[in-house]
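Structure first, then comments.
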Amino acid sequence: MMKKAILMVCAALVGAGAAFGGMISEDPGELTVQGQYWFPGDGDFDLFENAFGAVVSYREWFSFPWGVGVSLGLAQWQVDDGSNAYKYRALQDYDGDALLIPLGASVCFNVIDWDNWNLVVETGLQYVFVDSSVSVFNSEEGVQRRQDVDIDNALLWNIGADYEYMVGENLYVLGGIGYQTDVMKADTEYAGRSTRDTSFRGAYLRLGAKFLF
């Protein structure tokens with residue numbers, strides 16, 4: 001149900017971009033659709049092994065080369081079963097995944113604006129809604145069973161760069177790299193007991209297309 005709702009919101013964002021392009025600027029609005037892959041980054045103290053997802057974003061250049069944008073994403077973060085994320089010996093054999101829905105706002109700077117390609121850097125904040133399907137085996141005496149891990153929402157800061165290459169009058173293909181880190185880590189509980197906060201920091205790669213309206 002949640003995934004369907006997010007897909008509907010993404011479709012609405014696409015429609016809004018097409019209908020209201022150029023709201024704060026004389027330049028065209030830019031709608032970007034990207035696939036993204038993350039490399040979580042804390043060794044065996046990180047809960048996740050890898051992550052993948054998609055992001056839809058809308059951007060305008062309010063005072064070129066400066067721009068602003070908003071984004072909405074959907075990502076699945078896969079648990080590392082050999083993790084020691086919560087640093088408690090009784091918690092072993094992590095399993096499952098977490099569905100993340102990041103909603104972001106960013107500031108952009110066009111470093112290079114060439115005839116048929118651009119280099120754009122971007123930084124911003126994302127509020128991340130988390131739907132956890134993570135579990136862990138609790139080997140404490142009297143427990144000896146798997147227990148659900150509840151992960152709260154988080155706030156992230158990210159910085160990245162995209163290379164954009166024109167393939168048509170209003171169409172670019174792009175590739176980018178970046179890094180995100182925690183501004184507010186996610187509060188975490190198992191069996192109603194608080195444990196170490198969950199981190200979503202790590203590097204990422206992304207590929208996609210940009211459309212001008």
Side-chain angles (χ1 to χ4, degrees), residues 2-39 51-77 99-129 153-181 183 200-213:
M2 183 176 292
K3 291 182 180 179
K4 291 181 179 179
I6 294 304
L7 291 174
M8 292 177 64
V9 174
C10 289
L13 186 57
V14 171
F20 301 109
M23 288 185 293
I24 64 173
S25 169
E26 295 180 357
D27 295 327
E30 300 180 354
L31 184 73
T32 300
V33 181
Q34 297 173 301
Q36 194 157 320
Y37 186 89
W38 287 264
F39 303 89
F52 59 91
V55 180
V56 177
S57 59
Y58 180 75
R59 178 170 66 197
E60 289 196 13
W61 302 98
F62 66 91
S63 180
F64 194 84
W66 293 98
V68 291
V70 293
S71 64
L72 180 67
L74 183 66
Q76 183 174 353
W77 286 60
L99 178 70
L100 271 60
I101 305 166
L103 179 63
S106 60
V107 176
C108 316
F109 184 78
N110 193 317
V111 179
I112 301 175
D113 179 28
W114 208 248
D115 291 338
N116 62 347
W117 63 274
N118 303 310
L119 180 63
V120 179
V121 296
E122 180 181 36
T123 186
L125 294 174
Q126 294 178 325
Y127 187 80
V128 182
F129 300 92
N153 301 333
L155 182 65
L156 306 177
W157 169 75
N158 67 282
I159 184 168
D162 286 326
Y163 173 81
E164 306 174 345
Y165 184 80
M166 179 185 289
V167 295
E169 183 178 358
N170 295 311
L171 176 63
Y172 289 75
V173 293
L174 59 87
I177 60 174
Y179 186 81
Q180 67 185 36
T181 191
V183 175
F200 295 104
R201 68 181 180 183
Y204 58 80
L205 299 175
R206 55 192 183 189
L207 294 171
K210 182 179 78 172
F211 307 89
L212 307 185
F213 295 95

Rounded distance (nearest 0.5 Å) linking atom CG of Leu156 with atom OG1 of Thr181: 8.0 Å
Worked check of side chain to side chain contact (heavy atoms under 4.5 Å, CB included) between Leu207 and Tyr37: CA-CA 9 Å; Leu207 294 171; Tyr37 186 89; over 6 Å; no
Residue pair Tyr172 / Leu212, side-chain heavy-atom distance below 4.5 Å: yes
Spatial distance of atom CD (Gln180) from atom OH (Tyr204) [nearest 0.5 Å]: 7.0 Å
Closest approach of Gly176 to Asp162 (non-hydrogen atoms, all atoms of both residues): CA-OD1, 3.1 Å
Close side-chain approach of Val120 and Asp113, heavy atoms under 4.5 Å: no
Flag side-chain contact, heavy atom, 4.5 Å: Phe39 against Leu205: yes
Phe211 side chain reached by Asn170 side chain, heavy atoms, under 4.5 Å: no
Close aromatic pair by centroid cut-off 6.0 Å: Phe109 and Trp66: yes
Value rounded to 0.5 Å, distance of CD in Glu30 from CG in Asn118: 7.5 Å
Closest non-hydrogen atom pair between Val55 and Ser71, with its separation: CG1-CB, 4.0 Å
Donor-acceptor contact below 3.5 Å, side chain Gln126 vs main chain Asn158: no
Residues Leu103, Val70; criterion side chain to side chain contact (heavy atoms under 4.5 Å, CB included); working and verdict: CA-CA 8 Å; Leu103 179 63; Val70 293; over 6 Å; no
Plane angle bin for Trp38 and Trp77 - parallel if under 30°, tilted between 30 and 60°, otherwise perpendicular: tilted
Aromatic plane relationship, Tyr127 with Phe129 - under 30° parallel, 30 to 60° tilted, over 60° perpendicular: perpendicular
Check: Asn153 and Val128 side chains under 4.5 Å, non-hydrogen atoms: no
Least distance between heavy atoms, Cys108 atom then Glu122 atom: SG-OE2, 3.7 Å
Heavy-atom check, side chain of Ile159 versus side chain of Val121, under 4.5 Å: no
Nearest heavy-atom neighbours spanning Tyr58 and Gly29: OH-CA, 3.4 Å
Spacing of Lys210 atom NZ and Glu164 atom CD [to the nearest 0.5 Å]: 3.5 Å
CD1/Ile177: more than 12 non-hydrogen atoms of other groups inside 6.0 Å: no
Gap separating the CG atom of Leu171 from the OH atom of Tyr165, nearest 0.5 angstrom: 12.0 Å
